[in-house]
2 protein chains.
Amino acid sequence: MSPSEREDVIVKEAVRFFAEFGFEGHTRELARRLDITQPLLYRYFATKDALVERVYQEVFLRRWNPFWDEVIGDRSKPLRERMVAFYQDYAKAILTYEWIRLFMFSGLKGLDFNTRYLELLRRRVFNTLVDELRLEFGAPGTAEKPPTDIEVEAVWSLHAAIFYLGVRKFIYNMPVGPLEPIIEMKVLSFVDGVGVVVRDATTTAG
Amino acid sequence: MSPSEREDVIVKEAVRFFAEFGFEGHTRELARRLDITQPLLYRYFATKDALVERVYQEVFLRRWNPFWDEVIGDRSKPLRERMVAFYQDYAKAILTYEWIRLFMFSGLKGLDFNTRYLELLRRRVFNTLVDELRLEFGAPGTAEKPPTDIEVEAVWSLHAAIFYLGVRKFIYNMPVGPLEPIIEMKVLSFVDGVGVVVRDATTTAG
DNA sequence: CTCTTTATTTATCGTATGATCATTATTTGC
DNA sequence: GCAAATAATGATCATACGATAAATAAAGAG
């Protein structure tokens, strides 16, 4: 097998493997799954940590869609429609066995990837969402009044509700119904309920 | 030190220890923290797994309040007030470093504890919540029409929003603001938004 | 066909883990 | 005080881990 081909095969299997067992998964067992010997892994990756690093990149950096904030901010469509569309797409990207479990393993191990990813999420998605919700409920934009903690916290509620579908399915191993109608329901009832938060945050001291 | 005293000390430290490192944490390191030798652990617990089992019981079984469903169902008070009170109390019980992290480690390792715990939660809390929300929005009780999947899914949204506060704080290591006002906001905006779900579920085929 | 290169394996090192056993230190009953 | 019981330790076993180095198999160039 050619080096680049072999490397691809190793990384792909490693993603699945570390998602299943966490980063403590043994290189011998990974090699067994690949039908290769364990030392061969060390020809392609200097250390186990180097392979783990590569797995991060493969799973997290590749699945971020840079146009998500544009989808949310496209005011030619109703906000509810945009938000449903975004979260359907976002769910497709992250509600997978590999993404959810690796993200959680990473957090538990104290790696800084979660923090960095969530900073990106907040900057590109949460801020846009707050801005659009402000407009929806007749409140001033975030350029005039920056997002308040409680508004960001409200957006976290929706985000958590959707992320947790993956936790229940891929971490707790519970049955979860079809995602599309569930996500639509979660987004719509969120928007229905969040109005008072936005209005409070933009009228009282904040 | 007396046996029961020593055992308590070991279990208490083991809770913290396994919450930090997961169940792969080494017995030698645990012993070092306890200022005892590693073989002494094996005088009190036959195997490492036996100690892990004990840690589960200590953290999960001891913190469940059997009166929670009564708090939620006490119709002498407004529903919003009851739900806020319940989730403030529930948050105090589970939004701790040990509870959140051990629960997640347990799920990732494929132990069945999560499933069993969440069955208890669904039976005692979610069903009661759906029943009370039905009453709030003028829909028939669950005795007449059992909770639908989409209603339970709606309740999961609120539950996830609150649980995820602990994930952000204790797993992602992110700063999270004061819990009381945040939880109040999450409960109130949830109730504001969930009406349409309950009405849909009880009027259309369901 | 041969030589060079390199993908892959076999054998192994140093270390660390869960667990055991014999021994020592400490407490308890009388 | 003294002896029995037991809490606690020191030394160690069997195994398994990540990693390394030498040997082998396979492929490609000329």
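Atoms considered below: every heavy atom in the structure, side chains included; atoms not considered: hydrogens, waters and symmetry mates. Below, read A as the first sequence line, B as the second, and so on, with proteins coming before strands; counting in each chain starts at 1. This is a predicted model, so every value here is computed, not measured.
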* To do: Look at Glu20(B) together with Arg101(B) and state whether they make a salt bridge at an N to O cut-off of under 4.0 Å.
  =>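 No, no charged N to carboxylate O under 4.0 Å.
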
Nearest whole angstrom, please: distance from the [atom2] of [N] to the [atom1] of [X].
X        : N       : atom1 : atom2 : value
Glu7(B)  : dT6(D)  : CD    : P     : 16 Å
Arg43(A) : dA22(D) : CZ    : P     : 15 Å
Tyr44(B) : dT6(D)  : OH    : P     : 12 Å
Phe45(A) : dA7(C)  : CZ    : P     : 14 Å
Phe21(A) : dC17(D) : CZ    : P     : 12 Å
Glu5(B)  : dT6(D)  : CD    : C1'   : 16 Å

Please say whether more than 12 non-hydrogen atoms of neighbouring residues, nucleotides or ligands are located less than 6.0 Å from [atom1] in [X].
X         : atom1 : answer
Asn65(B)  : CG    : yes
Asp8(A)   : CG    : yes
Asp149(B) : CG    : no

* For nucleotides 9-24 of chain C, read 5' to 3', which letter fits each nucleotide if B means a protein heavy atom sits under 4.0 Å from the base, S means only the sugar-phosphate is that close, and - means neither? -> BBBB----BBBBB---

* Centre of Phe45(B)'s six-membered ring, under 6.0 Å away, within 45 degrees of the axis: is that where NZ or CZ of Arg54(B) sits? ->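 The answer is no; the distance or angle limit is not met.
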
* Cationic tip of Arg124(B) above Trp68(B) ring, under 6.0 Å, 45° of axis ->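 No cation-pi geometry.
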
